[in-house]
There are 2 protein chains.
Amino acid sequence: MAAPKDPRPCSIADTLAVVGEKYSLLVLREVCLGNGRFDQLARNIGAPRDILATRLRRLVEAGVLTRRAYSEHPQRFDYRPTAAGLELEPVLMALKEWGDHHLRHHTDLPMTMEHSCGHELVPVVTCRACGSPVHHDDLTAHPQTPGWTVKGPVATS
Amino acid sequence: MAAPKDPRPCSIADTLAVVGEKYSLLVLREVCLGNGRFDQLARNIGAPRDILATRLRRLVEAGVLTRRAYSEHPQRFDYRPTAAGLELEPVLMALKEWGDHHLRHHTDLPMTMEHSCGHELVPVVTCRACGSPVHHDDLTAHPQTPGWTVKGPVATS
DNA sequence: GTGGGTGGGTTTGATTTTCCAACTCACGGG
DNA sequence: CCCGTGAGTTGGAAAATCAAACCCACCCAC
């Protein structure tokens, strides 16, 4: 029977268990922008302060952020991304690109990103092996867990 | 005053308002894998059926999924990604890559993706203009909305 | 036709989270 | 002394989630 109610094992789900709660990715956004103090976070994100405190504890515990004192007497802290936290930036870039495109049609963007090459950043996901941009139709999923299958490629329609 | 409690305007937040609720991105995962039926979704995701129904309505309404009958008498439906839905795959790839790396250290992965070039997919975010992989330190944020600033690049630890 | 199974949900009621405002504590400035 | 700021904590009301049960239409086997 293999416990028929367990969901599919999946790194996407596991990652969302870490950063998928409401506000968590917005905390990461602000922290990556350099705004790491509690009041700034509360204002810039629009999150209730108690929830923000809970999220910050979780993200520190998960190794995504670090909390460091920038002043003793009075004790004051700010939050910064760890190396692991910075490696979540692709998630933020992908979310931003989708919103810029589908929600704003690339007009009146509230923020743009400049890449060090001098151009505005348009993030493109490529295959590390061959270097070409990745499209849905070029992918084949290979589940490794017995009992979990996929139906295979899907027409968009 | 400009309403001092409003959060920073941001495409990331706007995108999360569409797909950021619990289970939404897992629905998209399953649908992109070709598992688009209600019972399959409920089983593979592990979501309560009422919440799943709510999420599916939202995602269809937002233009991320379409609902189509694959049988009349009895009426039976399945859900598929729209073009806009497929363009959220970079988000899923980024989440999967982070989980594969930081939660599983690239061992015993529950699923792998094969790219059409024949290699296992390792997604890399690159700059469309110059083609090179994007790193945090290569980015400069330019807020376009008056009153919203950033502190600039951040040291990691 | 009767009984069981499947697919796609909706309903019900208990449990958890979220939300918001107010409160605290420790300073620092005028 | 009084006010403001930073970083939270506390309390109670409102909303979302959860699990299980229910519903309806159909199919199949007996």
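Each chain gets a letter, A, B and so on, in the order its sequence line appears, and its residues count up from 1.
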Separation between CG of Leu16(A) and CG of Leu26(B), rounded to the nearest 0.5 Å: 5.5 Å
For the atom pair CD (Glu30(B)) and CZ (Arg8(A)), what is the distance rounded to the nearest 0.5 Å? 4.0 Å
Quick one: the side chain of Arg37(A) and the base of dG6(D), do they pair up donor-acceptor inside 3.5 Å? no
Kindly indicate whether the side chain of Arg49(A) and the base of dG8(D) share any N or O donor-acceptor pair separated by less than 3.5 Å? yes
Mind checking whether Cys117(B) and Cys127(A) have side chains closer than 4.5 Å, heavy atoms only? yes
Could you check whether the rings of His101(B) and His106(B) sit parallel, tilted or perpendicular, using 30° and 60° as the cut-offs? parallel
Rounded to whole angstrom units, what separation is found between the [atom1] atom of [X] and the [atom2] atom of [N]?
X: Leu41(A); N: dG8(D); atom1: CG; atom2: C1'; answer: 12 Å
X: Leu52(A); N: dG8(D); atom1: CG; atom2: P; answer: 9 Å
X: Ile45(A); N: dA7(D); atom1: CD1; atom2: P; answer: 13 Å
X: Leu26(A); N: dT18(C); atom1: CG; atom2: P; answer: 14 Å
X: Glu72(B); N: dC24(D); atom1: CD; atom2: P; answer: 21 Å
X: Asp78(B); N: dG8(C); atom1: CG; atom2: C1'; answer: 12 Å
X: Arg57(B); N: dG8(C); atom1: CZ; atom2: C1'; answer: 12 Å
X: Ile51(B); N: dG13(C); atom1: CD1; atom2: P; answer: 18 Å

Of all the choices, [options], which nucleotide is nearest to the side chain of [X] once you look at every atom?
X: Asp39(B); options: dT9(D), dC20(C), dG8(C); answer: dG8(C)
X: Tyr70(B); options: dT10(D), dG7(C), dG8(D); answer: dG7(C)
X: Pro48(A); options: dC27(C), dC18(D), dC20(C); answer: dC20(C)
X: Asp50(B); options: dT9(D), dG28(C), dT11(C); answer: dT11(C)

Does [X] put a side-chain nitrogen or oxygen below 4.0 Å from OP1 or OP2 of [N]?
X: Tyr79(B); N: dG7(C); answer: no
X: Arg76(B); N: dC24(D); answer: no
X: Arg58(A); N: dT17(C); answer: no
X: Tyr23(B); N: dA16(D); answer: no
X: Lys22(A); N: dC19(C); answer: yes

Could you pick out which residue, Phe38(B) or Thr54(A), lies toward the 5' side of DNA chain C when each is mapped onto its nearest nucleotide? Phe38(B)
In terms of side-chain geometry, is the basic nitrogen of Arg104(A) or Asp108(A) positioned less than 4.0 Å from the acidic oxygen of its partner? no
